[in-house]
Amino acid sequence: MSESTSIHGQWSSRLVFVLAATGSAVGLGNIWKFPYITGEYGGGAFVLVYLGCILLVGLPVMIAEILLGRRGRQSPINTMRMLASAQGVSPAWSWLGWAGVITGFLILSFYSVIAGWAISYAWETFSGTFSGASAEEVGDVFGTLVSSPGQLLFYHTLFMLLTMYVVGRGVKQGLEKAVTILMPILAILLAIMVGYALAQGAAAEGLRFLFQPDFNAVFQKCTEESGTQVCTFTREPLLVALGHAFFTLSLGMGAIMVYGSYMPSNVSITRAALMVVAADTVIALFAGMAIFPLVFANGLEPGSGPGLIFQTLPIAFGQMPGGLLIGGLFFVLLVFAAWTSSISLIEPAAAYLVENKGMSRPLAASTVGGICWVLGIGTVLSFNLWSDYKLFDRTFFDLLDYLTANILLPLGGLFIAIFVGWISKRHLSESELSLSPGLFKAWWFVLRFLAPLGIFVIFLNAIGVV
Ligand code: PFF
């Protein structure tokens, strides 16, 4: 049998696939979003639910999504159309690919704005702004940044150009190098921050918050209102934990599928998926361990929202020896982590434009990047001029975040699980995965029953039915 490959090229080895997929998975989701939603939803119990979602839903769906990509070897839209026709079901399954493309646009539009914050912080940290700064002064720097549409737009534009550049050149070139060298350095820096936070911060309180489940706190959402903490009952946490499992693993929108389509046939999908999930989870927990001891040591609110890491880490950078260098480097690497994620957000759309519209890669990347850039202006303004315009009590940014992470990605994952578990022939998955019979059965069961049911029940819970 001749080995099939994608017209866009192929990763050179398993290691490269693992690195690229880890590059996609590890990003702002781990270092920016995980700590702040953990803070908002009360800590340990939320973390436990999140870890459960990773293991019981994320991992099995990741294996399924890579598997579809490698069987199809095309952009998710064409892969789904082809695999559906091959199974004798409606080619309308290509809608799963389309939904992924749209979700990717929506996510990248705000992702780029937040990555822009990290660029700005790299600059501020290197130039000494945080040297010896108090928690309040650090908070002011954040406030000034987000209240300036001009600055946000500038950094958003810069980040989007970086993304278009790499996607335009082809995912393989550049990415392989960036991921091999930079991701390990980011992990080391994060480990240094964990060490510092545990030694100098409120270690016991921070770790207790992160790892000691308090189930009473789960259904409470706490926010700070004019200096005092206000907690209200909410049905959201299960959905947010599930949504974040998808977001952080880049699942449910075709990013991992398209990376799977560049995966050589002799590589074990399961082992690769396990490595990606493990790396992603460790980085997120590290980020939590670096941040919460600082939050408590400085009397900050764990539930203070999307600015959390930008209001805590700089305090430490301003105080520790060599902190400005370490901190500057940290934010530079955070930008790289976001960069290796953002390229995977537009790769499904770019691959489609190359395949179906005959565009060159640079043109495809600029078209997609341009659309996301325009959409991103909404997020830029939602932090300042539009901050009072709310729909369902959410700003434009909050709406996008909620819609993508908590609804579109889990729905995408649900349909992937249904397609692989119920529509594709079992033997096709069996031969693609080449697992021992016991392991295959376990995966098959979880994918067919546990994962879809889990997603379904959590959706029902969110709308108040169970
Ligand atoms: N997984 C990325 C992160 O945690 O930052 C974000 C992301 C990338 C989500 C790619 C979805 C995606 F397709």
Side-chain angles (χ1 to χ4, degrees), residues 19-38 50 53-54 58-59 61-62 65-66 68-69 75-76 96-118 159 163 166-167 171 175 179 183 186-187 190 240-261 273 276-277 279-288 306 309 333-351 368 372 400-413 416:
L19 288 171
T22 308
S24 166
V26 174
L28 296 173
N30 307 60
I31 294 171
W32 159 74
K33 193 171 177 192
F34 171 72
Y36 97 74
I37 54 175
T38 298
Y50 157 77
C53 290
I54 293 275
L59 180 62
V61 170
M62 176 173 282
E65 192 172 333
I66 302 175
L68 285 178
S75 68
L96 191 52
W98 280 108
V101 163
I102 294 167
T103 310
F105 279 24
L106 298 178
I107 296 179
L108 183 58
S109 77
F110 70 79
Y111 203 83
S112 165
V113 177
I114 311 291
W117 296 358
F159 185 79
T163 303
V166 176
V167 177
V171 162
L175 182 76
V179 178
M183 288 292 115
L186 178 66
L190 207 53
V240 174
L242 175 76
H244 188 62
F246 279 97
F247 185 85
T248 192
L249 295 176
S250 305
L251 292 178
M253 57 140 285
I256 289 293
M257 196 186 295
V258 84
Y259 277 14
S261 74
V276 175
V277 170
D280 189 80
T281 308
V282 168
I283 298 277
L285 294 178
F286 267 19
I309 67 157
L333 291 170
L334 182 57
V335 175
F336 273 102
W339 194 5
T340 54
S341 301
S342 65
I343 53 188
S344 73
L345 281 163
I346 45 176
E347 180 63 16
V368 182
C372 296
L400 278 190
D401 175 38
Y402 191 88
L403 177 72
T404 51
N406 301 346
I407 299 174
L408 294 173
L409 294 182
L411 268 183
I416 288 172

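Given the structure is predicted, the values throughout are model-derived calculations rather than measurements. Indexing begins at 1, ligand by ligand and atom by atom, following the structure's order.
Checked against a 3.5 angstrom limit, the closest N/O atoms of S250 and ligand 1 fall inside it. In terms of polar-atom proximity, defined here as any N/O pair under 3.5 Å, I107 makes no such contact with ligand 1. Considering backbone and side-chain atoms together, A25 places an N or O closer than 3.5 Å to an N or O of ligand 1. For a threshold of 3.5 Å applied to N or O pairs, the pair formed by F247 and ligand 1 contains at least one separation below that value.
Set against the non-hydrogen atoms of S344, the atoms of ligand 1 under 4.0 Å away are 10 (C). Near L28, with a cut-off below 4.0 Å to any heavy atom, the atoms of ligand 1 are 5 (O). Each of the atoms 13 (F) of ligand 1 lies under 4.0 Å from some heavy atom of A255.
Among all protein heavy atoms, the one lying closest to atom 12 (C) of ligand 1 is L345 CD2, 3.3 Å. When hydrogens are left out, the protein atom nearest atom 13 (F) of ligand 1 is M253 SD, 2.9 Å; that is the closest non-hydrogen contact.
Of all the listed residues (G27, G29, S24), S24 holds the heavy atom that lies closest to atom 2 (C) of ligand 1.
In terms of heavy atoms, A349 sits closest to V368 at CB-CG2, 3.9 Å. Between T340 and Y259, the shortest heavy-atom distance links the atoms O-OH, 4.3 Å. Shown here for A337 and M183, the closest heavy-atom pair between the two residues is CA-CE, 3.6 Å. Shown here for L190 and A287, the closest heavy-atom pair between the two residues is CD2-N, 4.1 Å. Contact detail for Y111 and L28: the closest heavy-atom pair is OH-N, 2.9 Å. The minimum heavy-atom distance linking A25 with V276 is given by the pair CB-CG1, 4.0 Å.
Using cut-offs of 30° and 60° on the angle between ring planes, the pair H244 and F34 is parallel.
For G104, the heavy-atom gap to ligand 1 stays at 4.0 angstrom or more. The closest approach between a heavy atom of Y111 and any atom of ligand 1 is below 4.0 Å.
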Query raised in the report: Are I114 and W32 close enough, and set up right, to give a side-chain contact (heavy atoms from CB on, under 4.5 Å), and what steps lead you there?
Result: CA-CA 9 Å; I114 311 291; W32 159 74; 3.6 Å; yes
